[in-house]
Protein chains: 2
Amino acid sequence: MSAVQPLVFDRVETQPAYQLVASMIEKRIMEGTFKPGQQLPSELDLAKQLGVNRSTVREAIRVLEQNGLVFRKSARRLVISVPRQSELASRMSRAMVLHEITFQELWETMLTLETRAAELAALRATEEDVALLDANLAATRECLEHEERLVKLDIEFHLTVARAARNRALLLAREPIGLLFYPAFYKVMSRLNAKDRLLAAHTEIVTGIRGRDPKHTALWMEKHIKDFRRGYELANLDINQPVDASPYGG
Amino acid sequence: MSAVQPLVFDRVETQPAYQLVASMIEKRIMEGTFKPGQQLPSELDLAKQLGVNRSTVREAIRVLEQNGLVFRKSARRLVISVPRQSELASRMSRAMVLHEITFQELWETMLTLETRAAELAALRATEEDVALLDANLAATRECLEHEERLVKLDIEFHLTVARAARNRALLLAREPIGLLFYPAFYKVMSRLNAKDRLLAAHTEIVTGIRGRDPKHTALWMEKHIKDFRRGYELANLDINQPVDASPYGG
DNA sequence: ATGATCCGATAGTCGGACAATAATTGCGGA
DNA sequence: TCCGCAATTATTGTCCGACTATCGGATCAT
């Protein structure tokens, strides 16, 4: 039996249609044919154009959605979008948790990135950046006794410094680590009194940035982050334990 | 009409079922109920258990798949998995391209991360790491005239150093930047002769690592990366231009 | 003009169906 | 008994058709 079909050399391309559809649309986006802000054709349109079933298109759209290439505006309108850094960051964070990355690893990386960010911020911060930092400092002074707000302000402070560095790659690399860092930070703040040291360090950092002194700024950021590590240990937390998944608990 | 249903305050929670299904499964994975390596129940099973249609389950699976929480082994077996760093990295790279991140930004970040990685590698490299680096050096010496292989070996070299740093957060942060960096690197290598300088720097780095000299190692890595930037400019490439999407072109 | 109402388009979901093929089972032969 | 191949089963990929809820826009009444 086995009908000897003389047609040789066929399929090597075994890829589900929904993946093909997803990559075709992705290609259009990367090429710029579909531009951010523009809205995606309807599922039925896409299905007809691509010659597949609507279900297939829907699966493809799920893929794009998760990739952040399309974005749902009002649940009924899917628009093309540039991947949102925050989504990527949280995914990255989750990966780190699942890989059971330790606080030590996280801390080392954070030290590296934050120090550089501070240095660059000193070189590039605009007056607006400095104003934001001043405002943050002022608010921090007000909230020294309000733990939760303090943590929030600290997060904001570091983000502001990082933004002032005018380096989006750095910002992007920093974010997932920050997401995991802050729960730890909260623990430290609640267990020991490091508030004055925090304020002092922040103040010096702003001074450095205002004075366009990268050395000073970097140095104080380094001190600040190292201080935090010491705090972590003093709070009887083990730096060699994996960071926990708190961002996902609630 | 408008039946006056006395039941007040209902749905604010409008989330498609496929998203709910996806998060339920995700939850099981993050909790550890579903463990990496274990295989996902069949679509039909899931549909029955969750009381939804198979199509809905399928869409949810696409979501998980893109999140890297399940992984397809042989196209017929979906197994739970820890998100693969490489997938995340390429997604991150794509985001950077779409955000039109410049070479300058990329370079600064790479300088930061690679320098720290080198420093840590000097502290932590095992004999095995050093052996790998030696092998790479030897291969590099052999391939000095073979551009493509040289680039490949350089990529390998830096990856090996980064791995020797024993910091997965750093590794994770480094990867997406590396992905975008290498095309640029290739351009530089093909336009000017920096091969000897490359070999010299690599050699010094390995020497530093072998000698457990973080200062030396970091210094040479810094030189090496700065050298590259100079090369980039010498090759008449504009550091303020966005990096291109070469990984996606072919 | 303003608000209420109607209507079409579209997303979300469902049930069922079928082909292709990977995975497993069972059989026969060594 | 064990191995290799064939038959069977399970599962994925894809399709069709259908229904509902609702969003957006147009129409209508005030």
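Note that the coordinates shown come from a computational prediction; the quantities given were computed from them, not determined experimentally. In what follows, chains carry the letters A, B, and so on, assigned in the order in which the sequence lines appear, proteins first and then strands, with residues in each chain numbered from 1.
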ring-ring contact (aromatic ring centres under 6.0 Å, His included) partners for [X], two or more places apart:
| X | answer |
| --- | --- |
| B/F157 | B/H202 |
| B/F185 | B/F228 |
| A/F34 | none |

Any side-chain donor near an acceptor of the partner, B/T112 and A/R116, under 3.5 Å: yes
Integer-rounded Å distance: C/dG12 P and B/L20 CG: 12 Å
Spacing between A/N53 atom CG and C/dT13 atom P, to the nearest angstrom: 16 Å
Pairs involving residues 46-91 of chain A, ordered by first then second residue, that meet ring-ring contact (aromatic ring centres under 6.0 Å, His included) (sequence neighbours left out): none
Summary of side chain to side chain donor-acceptor pair (under 3.5 Å) pairs that have at least one residue in residues 169-185 of chain B, sequence neighbours excluded: B/E114-B/R174
side-chain N/O A/S55 vs D/dC16 OP1/OP2, d < 4.0 Å: no
Inter-end axis angle, the helix from C/dA1-D/dT30 to C/dA30-D/dT1, with every axis fitted to five base pairs (rounded, 10 degrees): 10°
Of all pairs that satisfy salt bridge (charged side-chain N to carboxylate O under 4.0 Å, His left out), the ones with a partner from residues 49-59 of chain B, not counting sequence neighbours: A/R58-B/E59, A/E59-B/R58, A/R62-B/E59, B/E43-B/R54, B/E43-B/R58
Residue pairs fulfilling salt bridge (charged side-chain N to carboxylate O under 4.0 Å, His left out) with at least one residue in residues 30-41 of chain B, sequence neighbours excluded: none
Please list each protein N or O that sits under 3.5 Å from an N or O in nucleotides 9-13 of chain D, with the distance.
{"from": "D/dT11", "atom 1": "O2", "to": "B/R76", "atom 2": "NH1", "distance (Å)": "2.4"}
{"from": "D/dT12", "atom 1": "OP2", "to": "B/E43", "atom 2": "N", "distance (Å)": "3.1"}
{"from": "D/dG13", "atom 1": "OP1", "to": "B/R72", "atom 2": "NH2", "distance (Å)": "2.7"}
{"from": "D/dG13", "atom 1": "OP2", "to": "B/R58", "atom 2": "NH1", "distance (Å)": "3.0"}
{"from": "D/dG13", "atom 1": "OP2", "to": "B/R62", "atom 2": "NH2", "distance (Å)": "3.0"}
{"from": "D/dG13", "atom 1": "N7", "to": "B/R54", "atom 2": "NH2", "distance (Å)": "3.4"}
{"from": "D/dG13", "atom 1": "O6", "to": "B/R54", "atom 2": "NH2", "distance (Å)": "2.7"}

